[in-house]
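Here's the structure we're looking at; comments come further down.
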There are 2 protein chains.
Amino acid sequence: MNPKFFSLSEEKREAILNAGFHVFSQNSYKKSPMSEIADAAGISKALLFHYFHNKKELYLFLWDTCCKAMVEEMTRSGAYEQTDLFGSMDYGMKAKLRLMRQYPDIGIFAVRAFYEKDPEVSADIQNSMGQYLNAHAAKKLQKLDPEDFIPGIDLSLMYKEMYWASEGCLWEYIQRGYINVDAMEKDFRKLLEFWKSVYLRKNRETADERDAI
Amino acid sequence: MNPKFFSLSEEKREAILNAGFHVFSQNSYKKSPMSEIADAAGISKALLFHYFHNKKELYLFLWDTCCKAMVEEMTRSGAYEQTDLFGSMDYGMKAKLRLMRQYPDIGIFAVRAFYEKDPEVSADIQNSMGQYLNAHAAKKLQKLDPEDFIPGIDLSLMYKEMYWASEGCLWEYIQRGYINVDAMEKDFRKLLEFWKSVYLRKNRETADERDAI
DNA sequence: GATGAAATTGACCGATGCGGTTAACAGAGG
DNA sequence: CCTCTGTTAACCGCATCGGTCAATTTCATC
């Protein structure tokens, strides 16, 4: 790719990235034309080909940008250092929302790219995955203290359920084509409070006392 | 559309429907070629145009089939007559799974068609929506007895949370391109049991006794 | 205002794919 | 043999694709 791309103004550079994320997220790789991306970015197709020598290069650059941004934003948020489960979820949510404000379609793009089957790019995508897979979720789960939660609850299922609910909520917004990040944040906040009120063992002392009897 | 389509063998007819659901669910209307649908159905493009005079007709027929099948399957399942919340969810789930076994991509197709923006079909889609919108969810929510659930829980949020979790779970399967309905059923069952164990007020008597003290 | 380099584009190329048509083929029944 | 029905390969005209390039615009420097 042309290094001049990096000396573009941030506004223009992100316009191009977002145009790419958007177009590639709506249709498969093969059916996402460069001309459409150029139009969405407000530049000519020829200029887009000036920055990226061909379609595949742009696509893989977007994928790389996407992975790096996600990892960076998550580690920078401090979510991984939180010891409290819901605290780390809160931080992680904030990080993801911050990212979606900058790149509204980055989430959908990531999923579509991950499952893209076109042989022209699928191999490169899968190869680059190794370095980005994180085991944070599993580790987080191991560290949970069952005493903090209502008795008898299946913690791994609880974790998965919360993950699915977040995805489902996100999906509802995604489907509309544009994303209202503020409304989404409200919904996520409500979900977090709901989970805390339901899953957490509230009266730790009284529970201990009853067990002692 | 050509009435001869209905006198086709069920196997062939459903192969065509499923091919249509699949192709139209993966890309936008404009970028879903008839040739691809014909190939997926195992027939020639010319024959597909013999049954459906043009692309739009096939698309709207698929949409109509999709809406009718969903409504019919849900009412036939008896889910709406169940008084118990989790019972009706169980029945509804079974109905949807049955439908997805017959038409694996009908769910994704429905969502994509609902939000399709191409002016060639979007108007017709939206016009036909009025008759299919059901108010069952809202009614179901009104009938819930707070005494059945753990104290202080926000029932409408609980309902929404469960809905989102189901969607999120479904989404995970959808993204893979093909759908393993059996594995999905297992996951849904586990979710249902989890919700029951968490949301339901288990020891109705003991709880009342404690309150009385 | 002249100049040269860099940014940007309209127009173009060959190849491919699109929706839709048509003429021909295959086979079963009479 | 003919006819009717199901089925398809081949075709048509047009749009779109990835990618190129010569020409134009922009702009800092003199």
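Proteins get letters first, then strands, A, B, ... in listed order; numbering begins at 1 in each.
Residues that satisfy the side chain to side chain donor-acceptor pair (under 3.5 Å) test with B:D187, not counting sequence neighbours, are B:Y173. Listed by chain and number, the residues in a side chain to side chain donor-acceptor pair (under 3.5 Å) with A:D90 are A:R189 (sequence neighbours excluded). By the ring-ring contact (aromatic ring centres under 6.0 Å, His included) test, A:F52 is found to be paired with A:F5, A:F61, residues two or more places apart in sequence or in another chain being considered.
The side chain to side chain donor-acceptor pair (under 3.5 Å) contacts involving residues 6-17 of chain B comprise B:E14-B:Q102, where partners must be two or more places apart or lie in separate chains. Annotation: salt bridge (charged side-chain N to carboxylate O under 4.0 Å, His left out) contacts involving residues 74-84 of chain B, sequence neighbours excluded, comprise B:E73-B:R76. Within the structure, side chain to side chain donor-acceptor pair (under 3.5 Å) contacts touching residues 152-171 of chain A (residues at least two apart or in different chains) are A:D154-A:S156, A:E161-A:Y199, A:E161-B:W195, A:W164-B:E172. Listed by first and then second residue, the side chain to side chain donor-acceptor pair (under 3.5 Å) pairs that reach into residues 47-56 of chain B are B:H53-B:E57, sequence neighbours excluded. The side chain to side chain donor-acceptor pair (under 3.5 Å) pairs that include a residue from residues 32-41 of chain B are A:K31-B:E36, where partners are two or more places apart or lie in different chains.
At distances below 3.5 Å, at least one donor-acceptor pair connects side-chain atoms of A:Q126 with backbone N or O atoms of A:F114.
Listed by residue number, A:K4, A:K12 are the residues of residues 2-17 of chain A with a heavy-atom contact under 4.0 Å to DNA chain C. Looking at residues 37-55 of chain A, you'll see A:K45, A:A46, A:F49, A:N54, A:K55 sit with a heavy atom under 4.0 Å from some atom of DNA chain D.
From the 5' end on, the contacts that DNA chain C makes with chain B at under 4.0 Å to a non-hydrogen atom open and close at C:dC18 to C:dT22. When DNA chain D is scanned 5' to 3' for any atom under 4.0 Å from a heavy atom of chain B, the first and last hits are D:dG6 to D:dA9.
The ring-ring contact (aromatic ring centres under 6.0 Å, His included) test with A:F109 singles out one residue from A:Y115, A:Y103, A:Y59, and that residue is A:Y59.
Here CG of B:D105 is found 6.5 Å from CD of B:Q26. Values are rounded to the nearest 0.5 Å.
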request  = Would you check, one step at a time, whether the test side-chain contact (heavy atoms from CB on, under 4.5 Å) holds for A:I16 with A:L8?
outcome  = CA-CA 10 Å; A:I16 295 176; A:L8 249 47; 4.0 Å; yes
